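Heads up, the thing below is written out as structure tokens.
Because only heavy atoms are used, hydrogens play no part in the values below, and waters and symmetry mates are left out as well, while side chains stay in. The shown structure was predicted, so the numbers you read here are calculated from the model rather than taken from an experiment.
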Amino acid sequence: MIVEKDILTEEQPDRRLLNHVPDADGVRSNSDRRGFNENDVVERSKKNIEGNHQGVRYVVDYPVDVSLDTRKSLKHLQGHVLNISSSGMLLSFGSAEGNRIAVGDVLGLRFEITPGTMPEGYESKVKLRGTVVRECVDEKGNKSFGIEFEETLAEYMTRIRNRYTLPAAAFFMAVVIFLVIMMRTESVLYFKFNQWLYLYSIVAAIFLLSRYLFASFYRPVPIDKDYTPPVTIIIPCFNEETWIRRTIISCLNQDYPIDNLEVIVIDDHSTDKSVEVIKATIDELIEKEARYNVASRLRYYVQPKNAGKREAMAVGAKMAKHDLLVFVDSDSFLNPFAIINLVQPFKDKDMGGVSGRTDVANTYTNGLTKMQAVRYYISFRVMKAAEAYFDAVTCLSGPLSCYRKDFVMENMDAWLNQKFLGSVLPLATTAV
């Protein structure tokens with residue numbers, strides 16, 4: 001049996017497991033230690049919603065064609081990218097080539113971002129300029145240089161997209177709409193033969209096309225950095241030993257006040273090594289990140305028997321200390337700014353629940369994962385975006401959603417005892 005390896009982005013390791021968490025004493029914020037001011041943090045949060053991970057570095061291995069026009073003797077050099085972010089890269093050369101470059105030089109860079117090495121949307125051939133801002137030398141004498149891009153990759157991709165992709169997408173969308181209308185013309189011509197059937201066909205076509213129209217008007221809720229209500233993240237887990245560690249760390253590693261965030265892992269009596277991984281992860285976080293009060297903010301509970309995902313979620317809701325409940329699947333990984341974005345709509349006292357946007361992490365693994373990525377894109381960025389325009393999302397997603405705790409508790413019994421065709425839905429068959 002051949003097991004296909006997932007193609008996932010690999011972030012540059014950090015000496016801290018919780019490198020996005022702001023300091024508990026408030027003396028130094030997450031923005032301070034990265035060189036951004038508070039307004040920049042808000043702007044970065046907005047950009048992260050759009051997929052522009054400016055400060056995150058990814059481990060890659062790209063060949064780069066480098067040119068330096070100011071030196072006539074230097075035509076082209078071949079370098080290798082060791083890591084890259086939206087704002088710059090770490091470029092490596094051999095000792096001979098590296099001696100021809102100095103801090104302050106402006107380089108012309110040509111390289112290709114291969115699929116799966118950076119977040120979806122960045123894969124493309126790139127041609128831009130960058131400035132050498134620092135130099136490093138390893139023990140073998142090989143030199144590497146920190147390069148700051150003239151414009152961020154996010155800005156570059158947006159410019160290229162606006163020039164080519166958007167007009168092409170608009171053209172093909174117009175073609176699709178035209179074809180749908182032509183197909184529905186048949187329903188009009190034959191309407192008199194079966195009014196109900198063809199009426200349904202016409203209404204369904206209009207309804208689906210309208211989703212794309214209303215989705216274009218959707219805008220994320222503006223971020224108020226001072227609005228950080230207390231939140232409990234609940235992770236129901238069943239047989240997820242491979243991914244649960246990464247999920248737990250991503251939930252705790254939030255750019256969010258530590259006093260207002262707790263994480264509860266509910267293991268639904270797993271039959272693999274999930275519980276061992278959960279315990280080891282919690283112990284590691286407590287040992288290495290004690291300054292962030294991990295021991296009081298991260299806990300777990302093991303169900304005495306398998307009862308299903310909903311039951312695990314309900315147990316977590318009862319254990320939660322805070323008034324907002326965030327449910328996260330045990331194979332989902334949160335962006336460091338996910339919670340600060342997710343809670344903003346709750347400034348409206350009538351808001352009962354909010355769905356986060358979910359993308360497929362292993363899009364480029366195979367054809368099936370690519371199709372799944374398209375499905376998720378349409379589901380969240382079209383269907384749910386259109387519904388959100390009316391503040392009436394019909395289904396909040398399992399991978400990431402947030403509810404007011406009092407609403408969950410009020411409807412707990414009805415939720416746990418849902419019926420289909422008169423029979424209670426079996427909880428034990430539902431697993432994460």
Side-chain angles (χ1 to χ4, degrees), residues 4-14 19 47-48 50-71 74-161 163-165 333 335 359-366 369-370 373:
E4 192 167 15
K5 183 179 180 181
D6 286 311
I7 297 178
L8 297 168
T9 56
E10 181 182 356
E11 293 188 14
Q12 180 72 18
D14 194 287
N19 57 312
K47 289 183 177 180
N48 268 279
E50 300 167 0
N52 303 330
H53 303 272
Q54 302 246 14
V56 179
R57 292 182 294 166
Y58 299 92
V59 179
V60 297
D61 184 17
Y62 305 145
V64 182
D65 183 59
V66 181
S67 62
L68 184 56
D69 298 333
T70 58
R71 295 185 188 175
L74 181 59
K75 297 295 184 181
H76 292 280
L77 292 177
Q78 284 293 322
H80 263 82
V81 184
L82 301 180
N83 63 62
I84 189 171
S85 71
S86 181
S87 58
M89 64 167 58
L90 183 62
L91 190 58
S92 175
F93 294 96
S95 56
E97 295 87 351
N99 290 333
R100 306 171 73 178
I101 296 176
V103 173
D105 285 344
V106 177
L107 308 178
L109 306 168
R110 289 173 178 262
F111 58 96
E112 181 178 358
I113 300 175
T114 55
T117 56
M118 288 190 74
E120 186 177 350
Y122 282 94
E123 57 280 355
S124 175
K125 292 184 178 179
V126 178
K127 178 184 177 182
L128 46 66
R129 293 163 66 85
T131 303
V132 180
V133 295
R134 63 185 177 88
E135 176 183 328
C136 302
V137 182
D138 64 18
E139 62 277 2
K140 296 181 179 180
N142 296 323
K143 291 189 176 183
S144 57
F145 299 88
I147 310 296
E148 183 178 354
F149 296 141
E150 190 174 65
E151 62 178 332
T152 67
L153 288 178
E155 294 169 338
Y156 178 85
M157 296 303 172
T158 299
R159 178 163 58 84
I160 298 301
R161 191 179 298 117
R163 184 184 302 173
Y164 302 109
T165 309
F333 320 127
N335 180 279
D359 293 320
V360 176
N362 61 340
T363 298
Y364 298 101
T365 299
N366 53 44
T369 57
K370 291 178 181 179

key: Atom pair CG (Leu90) and CD (Gln12), whose distance is rounded to the nearest 0.5 Å   = 8.0 Å
note = Looking only at heavy atoms, the pair that brings Arg134 and Cys136 closest together is NH1-SG, 3.2 Å
Euclidean distance, Ile147 CD1 relative to Ser85 OG, rounded to 0.5 Å = 11.5 Å
message = Can you list everything that forms a salt bridge (Lys or Arg N to Asp or Glu O under 4.0 Å) with Glu150? Sequence neighbours excluded, please.
response = Arg129
key: Any residue meeting salt bridge (Lys or Arg N to Asp or Glu O under 4.0 Å) with Glu151, in chain and number order, not counting sequence neighbours   = Arg159
inquiry  = If we ignore hydrogens and angles and just use 3.5 Å, is the side chain of Asn366 paired with the main-chain N or O of Thr369 as donor and acceptor?
reply    = yes
request  = For Tyr364 and Thr114, test the side chains for any donor-to-acceptor distance below 3.5 angstrom and give the result as yes or no.
outcome  = no
request  = Find the distance between CG (Leu128) and CG (Leu153) and round it off to the nearest 0.5 Å.
outcome  = 6.0 Å
key: Minimum heavy-atom distance between Tyr156 and Lys127, given as atom pair plus value   = OH-N, 3.1 Å
ask   = Under a 4.0 Å N-O cut-off, is there an ion pair linking Glu135 with Lys143?
value = yes
ask   = For the side chain of Thr9 and the backbone of Met118, is there at least one donor-acceptor N/O pair under 3.5 Å apart?
value = no
note = Here the pair of heavy atoms bringing Glu120 nearest to Ala373 is OE1-CB, 4.4 Å
inquiry  = Going by salt bridge (Lys or Arg N to Asp or Glu O under 4.0 Å), name the residues that satisfy it together with Asp359, two or more places apart in sequence or in a different chain.
reply    = Arg357, Arg381
